[in-house]
Colleague: 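Can you keep this structure in mind? I'll have questions shortly.
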Amino acid sequence: MFEILLLAGAGFAAGVLNAVAGGGTFLTLPALIHVGIPPVSANATATLTALPGYLSSAWAFRNDMEPEGSLGLRAILAISAVGAILGALLLIVTPGDTFLWIVPWLLLLATVLFAAGPRLIRLLRRQGGHAAGRLPSALAILAVSVYGGYFNGGLGIMLLAAFGLIGYANLYGMNGLKNVLSAVLSLLSALAFVAAGLIAWEQALVMAASAAFGGYVGARQSRRIARTDLLRHFVTAVGAIMTILFFLR
């Protein structure tokens with residue numbers, strides 16, 4: 001019962017965080033490892049369980065999305081699909097011990113990116129929404145997608161930064177597209193993980209259901225949250241604590 005409550009609580013909180021600010025993996029990955037799921041399988045399962053939350057959040061932002069920049073939405077989706085598959089295949093061939101060694105470094109990278117995210121977005125937005133060329137835009141989306149297919153932590157802020165780079169300026173639209181691409185990345189990665197037998201299904205079902213509810217609640221409430229900076233500070237603190245704990249393992 002404790003494990004079910006832990007997974008459900010982590011899933012719901014992750015869904016809310018991913019919709020509002022990002023950083024849900026800081027909760028789901030450690031929770032899955034804590035209940036005994038091997039690291040690579042835990043990362044694969046965390047990616048799958050984030051999918052319902054991304055879908056429900058994207059639905060809540062559906063009216064805000066419109067194409068901006070030098071790449072159309074179809075091109076962005078196609079590039080993201082390729083990157084997701086490459087990242088997932090890279091995870092599948094990574095030995096468990098190697099991934100366990102890599103995890104704290106990935107968490108550290110995700111935490112630093114998350115903490116620096118607002119400044120990074122502001123710097124990019126000072127460009128006045130000027131779009132990068134098609135090739136730099138495609139390479140930016142591909143790089144972030146490979147990262148997202150391999151490790152979900154910090155994906156949201158990396159996608160927002162990439163959108164700012166390629167010329168997006170509407171923050172609500174960026175949030176909506178972020179959730180759509182996160183859903184695509186999670187879906188394609190999860191399909192590869194399912195084929196490889198990496199998903200812990202019992203834990204995944206509990207966490208996915210709660211993440212879907214959390215994602216919808218978070219997206220609906222995102223416009224009412226006045227102090228998102230406090231939420232971001234909390235997520236950054238959680239990421240830092242989890243990073244330290246994994247380095248000490």
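All values reported here derive from a predicted model rather than from experimental measurement.
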Colleague: Apply side chain to side chain contact (heavy atoms under 4.5 Å, CB included) to residues Leu55 and Leu187 and explain how you reach the verdict.
Modeller: CA-CA 10 Å; Leu55 289 173; Leu187 175 61; over 6 Å; no
Colleague: Determine the minimum heavy-atom distance between Phe193 and Gly149, stating which atoms define it.
Modeller: CZ-O, 3.6 Å
Colleague: Provide the closest heavy-atom pair for Thr243 versus Pro104 in the form atom of the first, atom of the second, distance.
Modeller: CG2-O, 3.6 Å
Colleague: If I compare all heavy atoms of Ala42 with all of Ile33, which pair ends up nearest, and what's the gap?
Modeller: CB-CG1, 3.6 Å
Colleague: Got Phe247 and Leu107 here, is their nearest side-chain heavy-atom distance under 4.5 Å?
Modeller: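 Heavy-atom side-chain distance check fails, nothing below 4.5 Å.
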Colleague: Below 4.5 Å, heavy atoms only, C-beta onward: do Val82 and Ser145 meet side chain to side chain?
Modeller: no
Colleague: Quick one, Tyr150 and Leu106 - any side-chain contact, counting heavy atoms below 4.5 Å?
Modeller: yes
Colleague: When rounded to the nearest 0.5 angstrom, what distance separates CZ in Phe26 from CD1 in Ile241?
Modeller: 11.5 Å
Colleague: For Ala44 and Ile199, work out which heavy atoms get closest and say how close.
Modeller: O-CD1, 3.7 Å
Colleague: Shared ILVMFWY cluster between Ile79 and Leu135, side chains joined below 4.5 angstrom?
Modeller: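 Shared cluster, no.
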Colleague: Going from CG on Leu142 to CG on Leu86, what distance comes out if it is rounded to the nearest 0.5 angstrom?
Modeller: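 The CG atom of Leu86 is 7.0 Å from CG of Leu142, to the nearest 0.5 Å.
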Colleague: With the side chain counted from C-beta on, respond yes when Trp201 and Val194 share a heavy-atom pair under 4.5 Å apart, and no when they do not.
Modeller: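 In short, these two side chains touch, coming nearer than 4.5 Å.
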Colleague: Evaluate the criterion side chain to side chain contact (heavy atoms under 4.5 Å, CB included) for residue pair Trp105 and Leu108; output intermediate values, then yes/no.
Modeller: CA-CA 5 Å; Trp105 296 101; Leu108 178 61; 4.1 Å; yes
Colleague: Main chain of Ser186, side chain of Ser189: is a donor-acceptor contact present, judged purely on distance under 3.5 Å?
Modeller: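 No, the answer is negative, given that no donor and acceptor are paired below the 3.5 Å cut-off.
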Colleague: Going from CD1 on Ile76 to CZ on Arg74, what distance comes out if it is rounded to the nearest 0.5 angstrom?
Modeller: 13.0 Å
Colleague: Check for me, please, whether Val146 and Leu109 land in the same ILVMFWY cluster - side-chain distances under 4.5 Å, paths through other members count.
Modeller: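 Same hydrophobic cluster.
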Colleague: With a 4.5 Å cut-off on side-chain heavy-atom distances among I, L, V, M, F, W and Y, is there a chain of contacts connecting Leu90 to Leu100?
Modeller: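 No, separate clusters.
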Colleague: Between OG1 of Thr49 and CG of Leu7, what distance do you get to the nearest 0.5 Å?
Modeller: 9.0 Å
Colleague: Please report the shortest heavy-atom distance between Ala14 and Thr28, naming the atom on each side.
Modeller: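 It is CB-CG2, 3.5 Å.
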Colleague: Given the rule in the side chain to side chain contact (heavy atoms under 4.5 Å, CB included) test, do Phe151 and Thr47 qualify, once you have shown the distances and angles that lead to the verdict?
Modeller: CA-CA 8 Å; Phe151 185 68; Thr47 299; over 6 Å; no
Colleague: I want to check something: taking the side chain as every heavy atom from C-beta on, are Leu73 and Leu177 in contact at a cut-off of under 4.5 Å?
Modeller: yes
Colleague: Distance check, rounded to the nearest 0.5 Å: Phe12 atom CZ versus Leu27 atom CG?
Modeller: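 With rounding to 0.5 Å, CZ (Phe12) is 12.0 Å from CG (Leu27).
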Colleague: Treating Ile, Leu, Val, Met, Phe, Trp and Tyr as nodes and any side-chain heavy-atom pair under 4.5 angstrom as an edge, say whether Ile141 and Leu139 lie in one connected cluster.
Modeller: no
Colleague: Side chains of Val103 and Asn43: does their closest heavy-atom pair fall under 4.5 Å?
Modeller: no
Colleague: Spell out, yes or no, whether Leu155 and Ile85 are grouped together once hydrophobic residues are joined by side-chain heavy atoms under 4.5 Å, including indirect joins.
Modeller: yes
Colleague: So does Ser41 get a backbone contact from the side chain of Thr45, meaning a donor-acceptor N/O pair under 3.5 Å?
Modeller: yes
Colleague: Kindly give the heavy-atom pair with the smallest separation between Leu51 and Ala183, and that separation in Å.
Modeller: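 Minimum heavy-atom separation between Leu51 and Ala183: CD1-O, 3.2 Å.
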Colleague: Let me confirm one number: the CD1-CG distance from Ile102 to Asp97, rounded to the nearest 0.5 Å.
Modeller: 11.0 Å
